[in-house]
Amino acid sequence: MDLYEHQARELFEEYGIPVPRAEVAHSPEEAREIARRLGGRSVVKAQVKTGGRGKAGGVKLAADPAAAQLTARHMLGMDIKGHTVGKVMLAQPVEVEREFYVSYVLDRAVGRFLAIASAEGGMEIEEVAATRPEAVVRIPVDPAEGVTTAKAARIADAAGLPPQTVDVLVRLWEILTREDALLVEVNPLVRTTQGRILALDGKVTLDDNARFRQARWGDEDDTHEDPLEAAAAAKGLTYVRLDGEVGIIGNGAGLVMSTLDVVAGCGARPANFLDIGGGASAQIMADGLSVILSDPAVKSVLVNVFGGITACDAVADGIVRALDSVRLTKPLVVRLDGNNAARGRAILDERAHPLVQQATTMDGAARRAADLAHAA
Ligand code: GDP
Ligand code: MN
(Lines give C-alpha, C1' and ligand atoms only; values in the text may rest on other atoms or scores of the structure.)
(Ligands and ions follow the chains in the order given, each with its own letter.)
Protein backbone atom coordinates (compact mmCIF):
# COMPACT_ATOMS: atom_id res chain seq x y z
CA MET A 1 0.00 0.00 0.00
CA ASP A 2 1.27 3.46 -0.90
CA LEU A 3 0.94 6.24 1.66
CA TYR A 4 -0.16 9.73 0.77
CA GLU A 5 2.52 12.41 0.78
CA HIS A 6 1.09 13.89 3.98
CA GLN A 7 1.31 10.49 5.68
CA ALA A 8 4.90 10.05 4.53
CA ARG A 9 5.62 13.54 5.84
CA GLU A 10 4.06 12.57 9.18
CA LEU A 11 6.44 9.58 9.38
CA PHE A 12 9.46 11.72 8.45
CA GLU A 13 8.56 14.16 11.21
CA GLU A 14 8.11 11.36 13.73
CA TYR A 15 11.54 9.95 12.93
CA GLY A 16 13.23 13.32 13.17
CA ILE A 17 13.68 14.07 9.48
CA PRO A 18 13.18 17.82 9.00
CA VAL A 19 10.08 18.72 6.96
CA PRO A 20 8.33 22.01 6.21
CA ARG A 21 5.34 22.91 8.37
CA ALA A 22 2.20 21.60 6.70
CA GLU A 23 -1.45 20.64 7.23
CA VAL A 24 -4.12 18.84 5.23
CA ALA A 25 -7.32 20.47 3.95
CA HIS A 26 -10.46 18.86 2.58
CA SER A 27 -12.17 22.09 1.58
CA PRO A 28 -11.14 25.48 0.11
CA GLU A 29 -12.19 27.24 3.34
CA GLU A 30 -10.02 24.93 5.41
CA ALA A 31 -7.15 25.63 2.99
CA ARG A 32 -7.53 29.35 3.53
CA GLU A 33 -7.48 28.91 7.31
CA ILE A 34 -4.35 26.74 7.16
CA ALA A 35 -2.57 29.18 4.85
CA ARG A 36 -3.30 31.91 7.35
CA ARG A 37 -1.83 29.79 10.16
CA LEU A 38 1.26 29.10 8.05
CA GLY A 39 1.89 32.81 7.77
CA GLY A 40 0.21 33.72 4.49
CA ARG A 41 2.22 32.19 1.68
CA SER A 42 1.83 28.47 1.05
CA VAL A 43 2.48 25.65 -1.40
CA VAL A 44 -0.80 23.87 -2.20
CA LYS A 45 -0.19 20.20 -3.03
CA ALA A 46 -2.72 17.71 -4.39
CA GLN A 47 -2.74 14.51 -2.34
CA VAL A 48 -2.83 11.68 -4.85
CA LYS A 49 -0.93 8.41 -4.87
CA THR A 50 0.99 9.14 -8.03
CA GLY A 51 4.15 11.06 -8.85
CA GLY A 52 4.72 13.95 -11.21
CA ARG A 53 2.05 16.10 -9.63
CA GLY A 54 4.11 19.22 -10.17
CA LYS A 55 4.01 18.86 -13.95
CA ALA A 56 0.31 17.94 -13.86
CA GLY A 57 -0.64 21.15 -12.01
CA GLY A 58 -0.90 19.50 -8.62
CA VAL A 59 1.71 21.70 -6.88
CA LYS A 60 1.08 25.44 -6.81
CA LEU A 61 2.43 28.38 -4.88
CA ALA A 62 -0.24 30.60 -3.31
CA ALA A 63 0.75 34.14 -2.36
CA ASP A 64 -1.86 34.62 0.38
CA PRO A 65 -4.72 32.77 2.11
CA ALA A 66 -7.28 33.93 -0.47
CA ALA A 67 -5.11 32.56 -3.26
CA ALA A 68 -4.68 29.30 -1.35
CA GLN A 69 -8.46 29.01 -1.10
CA LEU A 70 -8.87 29.57 -4.84
CA THR A 71 -6.10 27.14 -5.71
CA ALA A 72 -7.56 24.50 -3.39
CA ARG A 73 -11.00 24.99 -4.96
CA HIS A 74 -9.48 24.37 -8.37
CA MET A 75 -7.40 21.39 -7.24
CA LEU A 76 -9.99 19.51 -5.18
CA GLY A 77 -11.85 17.15 -7.50
CA MET A 78 -9.22 17.54 -10.20
CA ASP A 79 -7.99 14.43 -12.00
CA ILE A 80 -4.28 13.67 -11.93
CA LYS A 81 -3.32 10.62 -14.00
CA GLY A 82 -6.62 8.92 -13.20
CA HIS A 83 -6.56 9.85 -9.49
CA THR A 84 -9.19 12.21 -8.15
CA VAL A 85 -7.89 14.79 -5.71
CA GLY A 86 -9.84 14.47 -2.45
CA LYS A 87 -7.54 16.49 -0.20
CA VAL A 88 -4.69 18.96 -0.49
CA MET A 89 -1.73 19.61 1.73
CA LEU A 90 -0.63 23.15 2.42
CA ALA A 91 3.03 23.55 3.21
CA GLN A 92 5.12 26.50 4.22
CA PRO A 93 7.18 27.50 1.16
CA VAL A 94 10.93 27.26 1.40
CA GLU A 95 13.67 28.84 -0.66
CA VAL A 96 15.35 25.98 -2.42
CA GLU A 97 19.02 26.18 -3.25
CA ARG A 98 19.60 22.59 -4.39
CA GLU A 99 17.43 19.51 -4.89
CA PHE A 100 18.62 15.96 -4.15
CA TYR A 101 17.13 12.49 -4.50
CA VAL A 102 17.39 9.68 -1.95
CA SER A 103 15.54 6.39 -1.60
CA TYR A 104 15.71 2.84 -0.35
CA VAL A 105 13.94 0.25 -2.38
CA LEU A 106 13.68 -3.52 -2.23
CA ASP A 107 15.46 -4.96 -5.24
CA ARG A 108 13.71 -8.29 -5.74
CA ALA A 109 16.17 -9.37 -8.40
CA VAL A 110 19.03 -9.55 -5.93
CA GLY A 111 16.94 -10.02 -2.78
CA ARG A 112 18.43 -6.94 -1.17
CA PHE A 113 17.67 -3.35 -0.50
CA LEU A 114 19.21 -0.73 -2.68
CA ALA A 115 20.07 2.82 -1.70
CA ILE A 116 19.55 5.10 -4.68
CA ALA A 117 20.83 8.64 -4.42
CA SER A 118 21.53 11.56 -6.69
CA ALA A 119 22.62 15.15 -6.35
CA GLU A 120 20.21 15.90 -9.17
CA GLY A 121 16.82 15.63 -7.54
CA GLY A 122 13.51 17.27 -8.27
CA MET A 123 12.68 15.54 -11.52
CA GLU A 124 11.69 11.89 -11.82
CA ILE A 125 14.68 9.70 -11.05
CA GLU A 126 13.95 7.46 -14.06
CA GLU A 127 14.51 10.53 -16.24
CA VAL A 128 17.83 11.35 -14.59
CA ALA A 129 18.90 7.71 -14.84
CA ALA A 130 18.04 7.69 -18.55
CA THR A 131 19.76 10.93 -19.50
CA ARG A 132 22.63 11.09 -17.00
CA PRO A 133 23.13 7.58 -15.56
CA GLU A 134 26.43 8.61 -13.94
CA ALA A 135 24.50 11.08 -11.76
CA VAL A 136 22.59 8.28 -9.99
CA VAL A 137 24.32 5.94 -7.55
CA ARG A 138 22.95 2.58 -6.46
CA ILE A 139 24.45 0.98 -3.40
CA PRO A 140 23.25 -2.36 -2.03
CA VAL A 141 22.27 -2.44 1.63
CA ASP A 142 22.71 -5.65 3.55
CA PRO A 143 19.48 -5.88 5.59
CA ALA A 144 21.33 -7.47 8.51
CA GLU A 145 23.78 -4.57 8.70
CA GLY A 146 21.36 -1.81 7.81
CA VAL A 147 22.40 1.78 7.28
CA THR A 148 24.83 2.90 9.95
CA THR A 149 26.24 6.41 10.05
CA ALA A 150 29.35 5.13 8.27
CA LYS A 151 27.26 3.46 5.56
CA ALA A 152 25.13 6.60 5.15
CA ALA A 153 28.28 8.68 4.81
CA ARG A 154 29.47 6.38 2.01
CA ILE A 155 26.13 6.73 0.20
CA ALA A 156 26.12 10.53 0.55
CA ASP A 157 29.73 10.76 -0.55
CA ALA A 158 29.25 8.54 -3.59
CA ALA A 159 26.24 10.57 -4.73
CA GLY A 160 27.81 13.93 -3.98
CA LEU A 161 25.27 14.85 -1.30
CA PRO A 162 26.24 17.30 1.45
CA PRO A 163 27.26 15.81 4.82
CA GLN A 164 24.05 17.07 6.50
CA THR A 165 22.11 14.42 4.56
CA VAL A 166 23.83 11.55 6.40
CA ASP A 167 21.49 11.82 9.35
CA VAL A 168 18.47 11.82 7.02
CA LEU A 169 19.75 8.65 5.33
CA VAL A 170 20.09 6.87 8.69
CA ARG A 171 16.59 7.88 9.82
CA LEU A 172 15.03 6.94 6.49
CA TRP A 173 16.41 3.46 6.92
CA GLU A 174 14.84 3.31 10.39
CA ILE A 175 11.49 4.14 8.79
CA LEU A 176 11.95 1.43 6.20
CA THR A 177 12.64 -1.29 8.74
CA ARG A 178 10.39 -0.26 11.63
CA GLU A 179 7.40 0.62 9.46
CA ASP A 180 7.71 -2.46 7.21
CA ALA A 181 8.18 -0.41 4.06
CA LEU A 182 9.31 -1.71 0.68
CA LEU A 183 10.15 1.79 -0.53
CA VAL A 184 10.95 5.11 1.06
CA GLU A 185 11.78 7.97 -1.24
CA VAL A 186 12.47 11.66 -0.74
CA ASN A 187 12.35 13.70 -3.94
CA PRO A 188 13.31 16.38 -3.56
CA LEU A 189 15.40 16.45 -0.45
CA VAL A 190 16.51 20.07 -0.52
CA ARG A 191 19.10 22.41 0.86
CA THR A 192 17.51 25.77 1.47
CA THR A 193 19.26 29.06 0.88
CA GLN A 194 19.71 29.16 4.67
CA GLY A 195 21.59 25.86 4.49
CA ARG A 196 18.88 23.72 6.08
CA ILE A 197 18.15 20.22 4.81
CA LEU A 198 14.42 19.51 4.32
CA ALA A 199 12.38 16.63 2.91
CA LEU A 200 10.00 18.43 0.54
CA ASP A 201 8.20 15.41 -0.91
CA GLY A 202 8.00 11.80 0.22
CA LYS A 203 6.76 8.48 -0.98
CA VAL A 204 6.41 5.42 1.25
CA THR A 205 5.16 2.02 0.12
CA LEU A 206 4.28 -0.38 2.93
CA ASP A 207 4.52 -4.14 2.67
CA ASP A 208 0.93 -5.41 2.58
CA ASN A 209 2.06 -8.64 4.24
CA ALA A 210 2.82 -6.61 7.37
CA ARG A 211 -0.58 -4.89 7.46
CA PHE A 212 -1.55 -6.81 10.59
CA ARG A 213 1.08 -4.99 12.61
CA GLN A 214 0.77 -1.61 10.91
CA ALA A 215 -2.80 -0.96 11.94
CA ARG A 216 -2.40 2.81 12.19
CA TRP A 217 -2.92 3.32 8.47
CA GLY A 218 -6.33 1.70 8.59
CA ASP A 219 -7.85 -1.05 6.54
CA GLU A 220 -9.06 0.92 3.62
CA ASP A 221 -6.67 0.74 0.72
CA ASP A 222 -7.65 3.11 -2.03
CA THR A 223 -4.83 2.10 -4.34
CA HIS A 224 -7.37 -0.02 -6.27
CA GLU A 225 -8.36 2.64 -8.74
CA ASP A 226 -9.92 0.08 -11.05
CA PRO A 227 -13.50 -0.57 -9.89
CA LEU A 228 -13.30 -4.28 -10.79
CA GLU A 229 -10.08 -4.67 -8.82
CA ALA A 230 -11.70 -2.88 -5.90
CA ALA A 231 -14.75 -5.20 -6.10
CA ALA A 232 -12.48 -8.25 -6.25
CA ALA A 233 -10.37 -7.04 -3.33
CA ALA A 234 -13.55 -6.52 -1.30
CA LYS A 235 -14.38 -10.18 -1.92
CA GLY A 236 -10.90 -11.27 -0.93
CA LEU A 237 -9.93 -12.40 -4.44
CA THR A 238 -6.43 -12.19 -5.88
CA TYR A 239 -7.42 -10.43 -9.09
CA VAL A 240 -5.50 -8.17 -11.44
CA ARG A 241 -7.26 -6.63 -14.40
CA LEU A 242 -5.49 -6.78 -17.76
CA ASP A 243 -6.63 -5.41 -21.08
CA GLY A 244 -7.56 -8.52 -23.07
CA GLU A 245 -10.70 -10.47 -23.86
CA VAL A 246 -10.22 -13.93 -22.33
CA GLY A 247 -11.19 -14.05 -18.65
CA ILE A 248 -9.05 -16.43 -16.62
CA ILE A 249 -9.56 -18.34 -13.39
CA GLY A 250 -7.02 -20.81 -12.09
CA ASN A 251 -5.70 -22.26 -8.88
CA GLY A 252 -2.18 -21.33 -7.87
CA ALA A 253 -0.28 -18.26 -9.03
CA GLY A 254 2.13 -20.31 -11.15
CA LEU A 255 -0.62 -22.11 -13.02
CA VAL A 256 -2.52 -18.88 -13.62
CA MET A 257 0.64 -17.19 -14.94
CA SER A 258 1.25 -20.10 -17.33
CA THR A 259 -2.38 -19.94 -18.41
CA LEU A 260 -1.94 -16.26 -19.31
CA ASP A 261 1.11 -17.22 -21.39
CA VAL A 262 -0.65 -20.06 -23.17
CA VAL A 263 -3.67 -17.89 -23.99
CA ALA A 264 -1.31 -15.22 -25.33
CA GLY A 265 0.43 -17.94 -27.33
CA CYS A 266 -2.92 -18.71 -28.98
CA GLY A 267 -3.09 -15.13 -30.26
CA ALA A 268 -5.63 -13.90 -27.69
CA ARG A 269 -5.11 -11.51 -24.81
CA PRO A 270 -5.89 -12.43 -21.20
CA ALA A 271 -8.45 -10.11 -19.58
CA ASN A 272 -7.24 -10.71 -16.06
CA PHE A 273 -5.23 -12.70 -13.56
CA LEU A 274 -7.40 -14.48 -10.99
CA ASP A 275 -5.99 -17.04 -8.60
CA ILE A 276 -8.56 -18.85 -6.49
CA GLY A 277 -5.77 -20.59 -4.60
CA GLY A 278 -6.90 -23.63 -2.69
CA GLY A 279 -10.44 -22.35 -2.51
CA ALA A 280 -12.84 -23.95 -4.95
CA SER A 281 -16.01 -23.27 -3.06
CA ALA A 282 -19.15 -22.25 -4.93
CA GLN A 283 -18.84 -18.84 -3.27
CA ILE A 284 -15.32 -18.21 -4.56
CA MET A 285 -16.27 -19.45 -8.04
CA ALA A 286 -19.38 -17.29 -8.07
CA ASP A 287 -17.42 -14.25 -6.83
CA GLY A 288 -14.66 -14.83 -9.39
CA LEU A 289 -17.07 -15.39 -12.27
CA SER A 290 -19.19 -12.37 -11.41
CA VAL A 291 -16.14 -10.07 -11.30
CA ILE A 292 -14.82 -11.42 -14.62
CA LEU A 293 -18.22 -11.36 -16.35
CA SER A 294 -18.80 -7.75 -15.36
CA ASP A 295 -15.76 -6.74 -17.41
CA PRO A 296 -17.34 -5.68 -20.73
CA ALA A 297 -14.12 -6.53 -22.60
CA VAL A 298 -14.39 -10.23 -21.69
CA LYS A 299 -15.61 -12.42 -24.57
CA SER A 300 -14.91 -15.87 -23.13
CA VAL A 301 -13.78 -17.32 -19.82
CA LEU A 302 -11.26 -20.05 -19.18
CA VAL A 303 -11.19 -22.01 -15.94
CA ASN A 304 -7.94 -23.93 -15.63
CA VAL A 305 -7.63 -26.07 -12.52
CA PHE A 306 -5.15 -28.68 -11.48
CA GLY A 307 -6.72 -30.67 -8.68
CA GLY A 308 -4.54 -31.24 -5.66
CA ILE A 309 -5.68 -30.99 -2.08
CA THR A 310 -8.79 -29.37 -3.50
CA ALA A 311 -9.85 -32.09 -5.92
CA CYS A 312 -11.47 -31.51 -9.32
CA ASP A 313 -14.88 -32.82 -8.23
CA ALA A 314 -15.00 -30.12 -5.53
CA VAL A 315 -14.07 -27.51 -8.13
CA ALA A 316 -16.74 -28.84 -10.54
CA ASP A 317 -19.27 -28.73 -7.72
CA GLY A 318 -18.26 -25.15 -7.04
CA ILE A 319 -18.74 -24.22 -10.71
CA VAL A 320 -22.14 -25.95 -10.91
CA ARG A 321 -23.41 -24.22 -7.80
CA ALA A 322 -21.94 -20.88 -8.91
CA LEU A 323 -23.99 -21.23 -12.11
CA ASP A 324 -27.11 -21.10 -9.91
CA SER A 325 -26.24 -17.65 -8.58
CA VAL A 326 -24.34 -16.10 -11.49
CA ARG A 327 -25.99 -15.69 -14.87
CA LEU A 328 -23.45 -16.93 -17.37
CA THR A 329 -23.45 -14.54 -20.32
CA LYS A 330 -20.29 -15.63 -22.11
CA PRO A 331 -18.89 -19.03 -23.10
CA LEU A 332 -16.95 -20.81 -20.36
CA VAL A 333 -14.22 -23.33 -21.13
CA VAL A 334 -13.22 -25.60 -18.26
CA ARG A 335 -10.11 -27.71 -18.10
CA LEU A 336 -9.85 -30.01 -15.11
CA ASP A 337 -6.83 -32.18 -14.50
CA GLY A 338 -5.22 -33.87 -11.54
CA ASN A 339 -6.94 -35.30 -8.51
CA ASN A 340 -10.45 -36.67 -9.28
CA ALA A 341 -10.45 -35.10 -12.75
CA ALA A 342 -12.77 -37.76 -14.24
CA ARG A 343 -15.33 -37.26 -11.49
CA GLY A 344 -15.14 -33.49 -11.93
CA ARG A 345 -15.69 -33.72 -15.68
CA ALA A 346 -18.67 -36.01 -15.14
CA ILE A 347 -20.26 -33.48 -12.80
CA LEU A 348 -19.95 -30.73 -15.41
CA ASP A 349 -21.20 -33.05 -18.20
CA GLU A 350 -24.24 -33.86 -16.13
CA ARG A 351 -25.03 -30.16 -15.58
CA ALA A 352 -24.88 -29.74 -19.38
CA HIS A 353 -24.97 -25.94 -19.34
CA PRO A 354 -25.21 -24.73 -22.96
CA LEU A 355 -22.42 -22.16 -22.51
CA VAL A 356 -20.01 -24.48 -20.69
CA GLN A 357 -17.62 -26.71 -22.57
CA GLN A 358 -14.71 -28.81 -21.42
CA ALA A 359 -11.22 -29.40 -22.72
CA THR A 360 -8.78 -32.00 -21.52
CA THR A 361 -5.50 -30.16 -22.03
CA MET A 362 -4.33 -26.69 -21.13
CA ASP A 363 -3.35 -25.96 -24.74
CA GLY A 364 -6.68 -27.23 -26.04
CA ALA A 365 -8.60 -25.20 -23.48
CA ALA A 366 -6.66 -22.02 -24.25
CA ARG A 367 -7.11 -22.51 -27.99
CA ARG A 368 -10.85 -23.04 -27.51
CA ALA A 369 -11.25 -19.97 -25.28
CA ALA A 370 -9.23 -17.86 -27.74
CA ASP A 371 -11.35 -19.05 -30.70
CA LEU A 372 -14.57 -18.32 -28.82
CA ALA A 373 -13.31 -14.84 -27.95
CA HIS A 374 -12.44 -14.14 -31.57
CA ALA A 375 -15.77 -15.49 -32.82
CA ALA A 376 -17.74 -13.31 -30.40
P1 GDP B 1 5.84 15.82 -7.45
O2 GDP B 1 5.82 16.58 -8.74
O3 GDP B 1 4.62 14.97 -7.32
O4 GDP B 1 7.08 15.03 -7.27
O5 GDP B 1 5.72 16.90 -6.28
P6 GDP B 1 6.84 17.62 -5.37
O7 GDP B 1 6.29 17.76 -4.03
O8 GDP B 1 8.16 16.93 -5.49
O9 GDP B 1 6.94 19.06 -6.00
C10 GDP B 1 7.46 19.29 -7.29
C11 GDP B 1 8.48 20.38 -7.27
O12 GDP B 1 7.91 21.56 -6.75
C13 GDP B 1 9.66 20.11 -6.37
O14 GDP B 1 10.66 19.36 -7.01
C15 GDP B 1 10.15 21.50 -6.07
O16 GDP B 1 11.01 21.93 -7.09
C17 GDP B 1 8.89 22.33 -6.11
N18 GDP B 1 8.48 22.67 -4.74
C19 GDP B 1 7.64 22.00 -3.92
N20 GDP B 1 7.53 22.63 -2.73
C21 GDP B 1 8.33 23.73 -2.80
C22 GDP B 1 8.66 24.80 -1.90
O23 GDP B 1 8.22 24.89 -0.76
N24 GDP B 1 9.53 25.74 -2.38
C25 GDP B 1 10.05 25.69 -3.63
N26 GDP B 1 10.90 26.63 -4.00
N27 GDP B 1 9.78 24.71 -4.47
C28 GDP B 1 8.92 23.75 -4.08
MN1 MN C 1 8.50 14.84 -5.88
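The figures that follow rest on heavy atoms only: side chains count, while hydrogens, waters and symmetry mates do not. Count residues from 1 along the sequence. Note that ligands are numbered from 1 as they come in the structure, with each ligand's atoms numbered from 1 the same way.
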Original post:
Near Glu134 CD, under 6.0 Å, is it more than 12 heavy atoms from other residues, nucleotides or ligands?
Top reply: yes

Subject >> Contact check, Ala91 vs ligand 1, heavy-atom distance below 4.0 Å >> reply: no

Subject >> From the candidates Val96, Val43, Thr50, Asp201, the one that places a heavy atom nearest atom 27 (N) of ligand 1 >> reply: Val96

Original post:
Going from CD1 on Ile347 to CZ on Arg343, what distance comes out if it is rounded to the nearest 0.5 angstrom?
Top reply: 8.0 Å

Original post:
Is it the side chain, the backbone, both or neither of Val190 that has a heavy atom closer than 4.0 Å to ligand 1?
Top reply: neither

Original post:
For atom 9 (O) of ligand 1, which candidate among Val44, Val59, Val186 provides the closest heavy atom?
Top reply: Val59

**OP:** Please examine the side chains of Glu29 and Arg73, heavy atoms only from C-beta on, and report whether any two atoms are closer than 4.5 Å.
**Re:** yes

Original post:
With atoms numbered from 1 as shown, which atoms in ligand 1 lie under 4.0 angstrom from a non-hydrogen atom of Asn187?
Top reply: 8 (O)

**OP:** Find out whether Ile116 and Val137 are in side-chain contact, i.e. whether some heavy atom of one side chain is under 4.5 Å from a heavy atom of the other.
**Re:** no

Subject >> Distance filter under 4.0 Å to Pro188 heavy atoms, resulting ligand 1 atoms >> reply: 8 (O), 13 (C), 14 (O)

Original post:
Looking at Asp201, which of its N, O or S atoms is the nearest one to the Mn ion (ligand 2)?
Top reply: OD2

Subject >> Location of contacts on Glu99 toward ligand 1, heavy atoms closer than 4.0 Å >> reply: side chain

